[in-house]
Amino acid sequence: MGIDFHSLGNQGSYRSRKADDSWKEMMEELVTFPVERAADIGCGGGIYSQGLAELGAKAIYGVDQSEVSLEDAGRTCAGTPNAFFQKGKADDTGLDGDSFDVVLERALIHHLSDLEACFLEAKRVLKPGGVVVIQDRTPEDCFLPGSEVHLRGYMMDRFPELKEVEASRRHTSEQVTSALTQCGFTHVQEMKLWETRKTYVGKDELRQDILSRTGRSILHELSDDELVQFADELDDKLKDGPVVEKDRWAIWIARK
């Protein structure tokens, strides 16, 4: 059925955690902070807009086409006066041109079919010499086997039809690199990141997150009964005690 980012029923789903130190350390390797202005395109609930502020961005502009998400982002960054949010699309952000040191597009491009339109807009708003950071999963990342940290792998094994969903919406490494190059970006590089998504006190907290479909769009492809099946399987496979959930991401960085 897919997630409806405009639905009030999904409000709060993408602001229930913080950007992990593993992500911040990766960003500090790629971008020299502090920076004057950063854009978070497809900002969702503002988790990573807040992360950019904590890294040292002096002004952060978050853009999303969902008013529900923008309300969430405002709440997430309520204590961050240098974070601003506005409605816009990946290929038409409404941001000023040649004005940003860094553009972040995290978990955005798998929702898009036209990568070049998205990347051209990122290039437009960047200052000369500015950098774009794209973070998303390739099909290879999605289909890694399940483990005590990589819980999505168990989901793919339990419901193999989800592999078709992921294969249809995920871009390959070659497609992303080619699109960035075609749009005129230079110094295009790719790296992998195992980002800690969340550390749970125990399996009960994880189960509640699963059953409420918190922060995972892929869970909206499952019925309520299937969610229970998946939660039961995790309860069987995982040990008692804290659960550290990680996801494997592809990161592309390129310069204008």
Side-chain angles (χ1 to χ4, degrees), residues 1-5 10 12-23 26 42 44-45 47-48 51 69 105-112 133-173 175-176 190-252:
M1 50 186 163
I3 187 172
D4 180 2
F5 288 105
N10 292 319
S13 180
Y14 282 85
R15 61 174 301 258
S16 62
R17 58 188 183 84
K18 294 185 177 182
D20 187 72
D21 286 345
S22 56
W23 180 83
M26 177 273 299
I47 294 170
Y48 292 86
S69 293
E105 296 182 348
R106 183 189 182 281
L108 169 67
I109 62 172
H110 67 277
H111 296 296
L112 308 175
V133 179
I134 311 294
Q135 179 176 354
D136 219 295
R137 296 185 187 90
T138 65
E140 174 192 357
D141 300 317
C142 294
F143 302 150
L144 291 172
S147 71
E148 62 182 9
V149 296
H150 186 238
L151 308 185
R152 289 175 188 262
Y154 291 136
M155 190 191 331
M156 295 294 152
D157 290 339
R158 178 78 180 190
F159 306 104
E161 65 272 16
L162 293 181
K163 293 184 178 181
E164 297 180 13
V165 174
E166 292 289 46
S168 68
R169 67 178 184 163
R170 298 291 176 177
H171 302 283
T172 66
S173 174
Q175 288 171 328
V176 178
E190 181 189 354
M191 61 179 289
K192 295 293 185 180
L193 171 69
W194 278 101
E195 179 184 352
T196 299
R197 182 188 180 277
K198 188 172 180 177
T199 300
Y200 297 91
V201 174
K203 292 189 288 186
D204 288 344
E205 185 185 9
L206 170 62
R207 184 182 186 88
Q208 184 57 43
D209 243 22
I210 295 295
L211 296 181
S212 60
R213 298 182 171 90
T214 301
R216 301 174 181 84
S217 64
I218 192 66
L219 293 181
H220 289 258
E221 304 291 338
L222 299 177
S223 69
D224 290 346
D225 287 343
E226 288 171 328
L227 282 178
V228 172
Q229 294 174 33
F230 179 46
D232 288 345
E233 179 166 346
L234 291 180
D235 191 58
D236 290 338
K237 288 184 176 296
L238 300 176
K239 300 176 182 178
D240 291 332
V243 178
V244 179
E245 182 183 7
K246 297 185 179 184
D247 288 319
R248 217 267 291 267
W249 296 86
I251 313 291
W252 296 267

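Note that the numbering runs from 1 along the sequence shown for the chain. Computed from a predicted structure; not experimentally measured.
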Exercise for review: Kindly compute the distance separating NE2 (H150) from CE (M155), expressed to the nearest 0.5 Å.
Suggested key: 8.5 Å
Check your understanding: Do R137 and E166 pass the side-chain contact (heavy atoms from CB on, under 4.5 Å) test, and can you show the C-alpha distance, the side-chain angles, and the key distance before you say yes or no?
Key -> CA-CA 9 Å; R137 296 185 187 90; E166 292 289 46; 5.6 Å; no
Exercise for review: Check step by step if side-chain hydrogen bond (donor to acceptor under 3.5 Å, both in side chains) holds for D225 and S223.
Suggested key: CA-CA 5 Å; D225 287 343; S223 69; 5.3 Å; no
Review point. Atom CG of L108 and atom CD1 of I134: how far apart are they, to the nearest 0.5 Å?
Key: 7.5 Å
Revision key, fill the gap. To the nearest 0.5 Å, atom CG of L219 lies from atom CZ of F159 at 9.5 Å
Review point. CD of Q229: more than 12 outside heavy atoms within 6.0 angstrom?
Key: yes
Review point. Where do Q135 and L193 land on the side-chain contact (heavy atoms from CB on, under 4.5 Å) test, with the steps shown first?
Key: CA-CA 9 Å; Q135 179 176 354; L193 171 69; 4.3 Å; yes
Check your understanding: Checking side-chain contact (heavy atoms from CB on, under 4.5 Å) for the pair D209/K198: CA distance, chi angles, key distance, verdict?
Key -> CA-CA 11 Å; D209 243 22; K198 188 172 180 177; 3.6 Å; yes
Check your understanding: Taking atom CZ of R152 and atom NZ of K246, what is their separation to the nearest 0.5 Å?
Key -> 15.0 Å
Revision key, fill the gap. In H171, H111, H110, the residue satisfying side-chain contact (heavy atoms from CB on, under 4.5 Å) with D136 is H110
Point to revise | E140 with R248: basic N within carboxylate O range, under 4.0 Å | key: yes
Point to revise | Donor-acceptor pair, side chain of R213 and main chain of L222, under 3.5 angstrom | key: yes
Check your understanding: Has the side chain of T138 got a donor or acceptor atom that lies under 3.5 Å from a matching backbone atom of S173?
Key -> no
**Study point:** Residues, nucleotides or ligands: over 12 heavy atoms within 6.0 Å of E161 CD
**Key:** yes
Point to revise | Taking every non-hydrogen atom, the tightest pair across D157 and P160 | key: O-CD, 3.8 Å
Point to revise | Presence of salt bridge, E245 and R17, under 4.0 angstrom | key: no
Check your understanding: Any ring-ring contact (aromatic ring centres under 6.0 Å, His included) pairs touching residues 227-252, not counting sequence neighbours?
Key -> none
Review point. Do I210 and L151 touch side chain to side chain, with heavy atoms closer than 4.5 Å?
Key: no
Practice item. Any chance you could measure L238, atom CG, to E233, atom CD, to the nearest 0.5 Å? Key: 9.5 Å
Check your understanding: What closest approach, in Å, do A19 and G51 show between heavy atoms, and which atom pair accounts for it?
Key -> CB-CA, 4.4 Å
Practice item. Check whether any side-chain heavy atom of T199 sits under 4.5 Å from a side-chain heavy atom of D20, and report yes or no. Key: no
Exercise for review: Compare all side-chain heavy atoms of E195 with those of M26 and state whether any distance is below 4.5 angstrom.
Suggested key: no
Review point. If you measure from the Lys or Arg side-chain nitrogens to the Asp or Glu carboxylate oxygens, is any gap between D141 and R170 under 4.0 Å?
Key: no
Practice item. Side-chain contact test, heavy atoms from C-beta onward, threshold under 4.5 Å: evaluate it for L144 versus M156 and give yes or no. Key: no
Exercise for review: Mark yes or no for whether K203, through its side chain, and D235, through its backbone, hold a donor-acceptor pair below 3.5 Å.
Suggested key: yes
Practice item. May I ask you to check whether over 12 heavy atoms, not counting those of D236, lie within 6.0 Å of atom CG? Key: yes
**Study point:** Exam field: side chain R207 to backbone E205, donor-acceptor pair closer than 3.5 Å
**Key:** no
